[in-house]
Amino acid sequence: MAEVKIGILGAGGIAKVHTSILKQDERVKIIGIADIVEERAAALAQEVGDATAVGNIEALFDLGVDAVYVTTPNTLHVEPVLMCLQNDIHVFSEKPMATSLAEAEQIKAVAATSKAIYNLGMNRRYASVYKRIKELIDAGELTPFLANIKMNRGELLHPAWTANPQVTGGFLYETPFHLIDLSRYLFGDVETVRCEARQNISESELDTFAILLTFASGMVATFVTYAHAGWSFPFESLEVYGKYSTVSTQELEKVMVSLGLNQAAQIHDFYQRSIEDKWGYVEEDRLFIDAIVNGSKPPVTAEDGFRSIQLLEAIMESAKTGNTIDLGQKV
Ligand SMILES: NC(=O)c1ccc[n+]([C@@H]2O[C@H](COP(=O)([O-])OP(=O)(O)OC[C@H]3O[C@@H](n4cnc5c(N)ncnc54)[C@H](O)[C@@H]3O)[C@@H](O)[C@H]2O)c1
């Protein structure tokens, strides 16, 4: 295939990350940047080089894009994603896939009939610390029995929209969605979900969650996520316990691997790598372009993304009803 012509919809923070990576991939050319705020589209187009700044997705289509990165706020992913798939334009959607089960189901159905590739941006799967854990599990060096998952946020004050569930879809659809997805990716199918949630500081939504997950493998995990922790590090961590073994992470910087009694633990420290690399963005972008150019499987398909939405919605259902939700019956 000739150079893949890319358009970006939503010229904010994460769009800058993807464009900085895509600019270095010789297989692609970023030809258009769209944003409802004209100056934002113009500023990013200038940063990219010779991309054209436009106001909406239709204008990106008119430029002749082969693929679109949808990097608009959470509740504004579904419509442009569907437009891309219906027009057979490849689409990379930032997380979350959607902010309701019905919308995620709709994307899954349309993706199944489109000639274009759908890919969901779940960069944590390719973050250095989590890749190390995945490798250990896949190689049989770590058989997880129990995990302790934490994904906090400092505050829902900056940017202001993070406090608005109309824009985020709810706190769980913000950063916690990364580790909800990652728990499935690392530990496999979830069987049951139980959640106690509270609304402590937020004015309009639940902000405090204690979750218990059981997996088809027999493994159990606790997952706490809180929206106003005040940025005390580590606000993101994962501890996984196996037979005389513990693997634990600190942010996306370090992973400690202790695989047996009387053995030295190994610490892998990714501090000096760039954020684009150690947070997994470089790899997820490369895999998406690989899928377009080589016809390989995209890193996170619509079916896969749908299951993570299903898990998130089961957590919310349990939080609201007090019931244990049996996901095993739903998948
Ligand atoms: N994977 C990650 O690590 C990661 C990190 C940050 C953000 N994100 C996700 O990326 C998305 C964007 O987040 P952000 O931090 O870049 O937000 P942002 O507010 O910095 O940027 C969003 C941009 O979209 C534009 N926009 C809004 N509505 C639009 C529309 N209808 N058409 C065109 N443009 C529109 C805004 O003007 C803004 O420039 C969110 O869904 C967020 O969850 C993912």
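Computed from a predicted model, the values in this text were never measured in an experiment. Read the numbers this way: they start at 1 and go in the same order the structure lists the ligands and their atoms.
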Engineer: What is the nearest protein non-hydrogen atom to atom 37 (O) of ligand 1, stated with its residue, atom name and distance?
Structural biologist: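 Sorting protein heavy atoms by distance from atom 37 (O) of ligand 1 puts Asp35 OD1, 2.6 Å first.
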Engineer: Does ligand 1 come near enough to Pro73 that some N or O of the ligand is less than 3.5 Å from an N or O of the residue?
Structural biologist: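 Such a contact does not occur with ligand 1.
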Engineer: At a non-hydrogen distance cut-off of under 4.0 Å, which region of His178 contacts ligand 1 (side chain, backbone, both, or neither)?
Structural biologist: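 Only the side chain of His178 comes within reach of ligand 1.
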Engineer: Provide the closest heavy-atom pair for Ala163 versus Ser204 in the form atom of the first, atom of the second, distance.
Structural biologist: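 Heavy-atom minimum between the residues: O-OG, 3.8 Å.
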Engineer: Using a 4.0 Å cut-off to any heavy atom of Asn123, which atoms of ligand 1 qualify?
Structural biologist: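 Near Asn123, the atoms of ligand 1 are 1 (N), 2 (C), 3 (O).
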Engineer: Measuring from atom 38 (C) of ligand 1, which candidate in Glu39, Arg40, Lys16 has the nearest non-hydrogen atom?
Structural biologist: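 Heavy atom nearest to atom 38 (C) of ligand 1 belongs to Arg40.
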Engineer: Does any part of the side chain of Arg124, heavy atoms only, come nearer than 4.5 Å to the side chain of Asp181, both counted from C-beta?
Structural biologist: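 SC-SC contact between Asp181 and Arg124 ruled out.
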Engineer: Do me a favour and list the nearest non-hydrogen protein atom to atom 44 (C) of ligand 1 with residue, atom name and distance?
Structural biologist: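 For this ligand atom, the closest protein heavy atom is Glu94 OE1, 3.2 Å.
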Engineer: Tell me, with the steps shown, if Tyr185 and Val300 meet side chain to side chain contact (heavy atoms under 4.5 Å, CB included).
Structural biologist: CA-CA 10 Å; Tyr185 179 63; Val300 187; over 6 Å; no
Engineer: Look at the aromatic rings of His18 and Tyr69 and report parallel, tilted or perpendicular, splitting at 30° and 60°.
Structural biologist: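 Tilted: the ring planes of His18 and Tyr69 meet at 30° to 60°.
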Engineer: Can you label the angle between the Phe235 ring and the Trp231 ring as parallel, tilted or perpendicular, going by 30° and 60°?
Structural biologist: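 Perpendicular.
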Engineer: Can you name the atoms of ligand 1, numbered from 1 with element, that are less than 4.0 Å from a heavy atom of Glu174?
Structural biologist: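 Those qualifying, in numeric order: 43 (O).
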Engineer: Among all protein heavy atoms, pick out the one at the shortest distance from atom 24 (O) of ligand 1; state its residue, atom name and that distance to 0.1 Å.
Structural biologist: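 Checking every protein heavy atom, the shortest distance to atom 24 (O) of ligand 1 gives Gly10 CA, 3.5 Å.
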Engineer: Who's closest to atom 42 (C) of ligand 1 heavy-atom-wise, of Val167, Thr168, Ile36, Asn74?
Structural biologist: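 Of the listed residues, Asn74 has the closest heavy atom.
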Engineer: Under a plain distance cut-off of 3.5 Å, with no hydrogens placed, do Thr246 and Ser258 share a side-chain donor-acceptor pair?
Structural biologist: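 The answer is no; no qualifying pair exists.
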Engineer: Using a 4.5 Å cut-off on heavy atoms from C-beta on, say whether the side chain of Asp304 contacts that of Leu120.
Structural biologist: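 When only atoms from C-beta onward are counted, Asp304 and Leu120 do not touch, as no gap falls below 4.5 Å.
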Engineer: First locate atom CG of Asn123, then atom CG of Leu182, and finally report the distance between them rounded to the nearest 0.5 Å.
Structural biologist: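 Spacing of CG (Asn123) from CG (Leu182) equals 10.0 Å.
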Engineer: Give the residue and atom name of whichever protein heavy atom lies nearest to atom 22 (C) of ligand 1, and the separation in Å to one decimal.
Structural biologist: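 In this structure, atom 22 (C) of ligand 1 has Thr71 O, 3.7 Å as its nearest protein heavy atom.
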Engineer: Does the structure place the NZ or CZ of Lys278 under 6.0 Å from the centre of the six-membered ring of Tyr271, at an angle of no more than 45° from the ring's axis?
Structural biologist: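 Yes, cation above the ring, under 6.0 Å and within 45°.
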Engineer: With under 30° as parallel and over 60° as perpendicular, where do the rings of His228 and Tyr226 fit, or are they tilted in between?
Structural biologist: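 Judged by the thresholds at 30° and 60°, the geometry between His228 and Tyr226 is perpendicular.
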Engineer: Considering heavy atoms of the protein only, find what lies nearest to atom 9 (C) of ligand 1 and give residue, atom and distance to 0.1 Å.
Structural biologist: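 That would be Lys95 O, 3.8 Å.
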Engineer: Nearest to atom 16 (O) of ligand 1 by heavy atom, Ile14, Leu76, Thr99, Asn56: which?
Structural biologist: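 Shortest heavy-atom distance from atom 16 (O) of ligand 1: Ile14.
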Engineer: Which residue supplies the protein heavy atom nearest to atom 21 (O) of ligand 1, what is that atom called, and how far is it?
Structural biologist: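 Atom 21 (O) of ligand 1 sits closest to the protein heavy atom Gly12 CA, 3.2 Å.
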Engineer: With side chains defined as the heavy atoms from C-beta onward, is the minimum distance between Thr52 and Ile31 less than 4.5 Å?
Structural biologist: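 Thr52 does not reach Ile31 side chain to side chain.
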Engineer: Which ligand 1 atoms does Val37 reach within 4.0 Å, using its non-hydrogen atoms?
Structural biologist: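 In order of numbering, the contacting atoms are 37 (O).
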Engineer: If you have a sec, work out which protein heavy atom is nearest atom 17 (O) of ligand 1 and how many Å separate them, to one decimal?
Structural biologist: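 Among all protein heavy atoms, the one nearest atom 17 (O) of ligand 1 is Trp161 CZ2, 3.8 Å.
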Engineer: May I ask you to check whether Gly13 has an N/O atom sitting below 3.5 Å from an N/O atom of ligand 1?
Structural biologist: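 Yes, there is a polar N/O contact under 3.5 Å.
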Engineer: Considering heavy atoms of the protein only, find what lies nearest to atom 3 (O) of ligand 1 and give residue, atom and distance to 0.1 Å.
Structural biologist: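 Atom 3 (O) of ligand 1 sits closest to the protein heavy atom Tyr281 OH, 2.6 Å.
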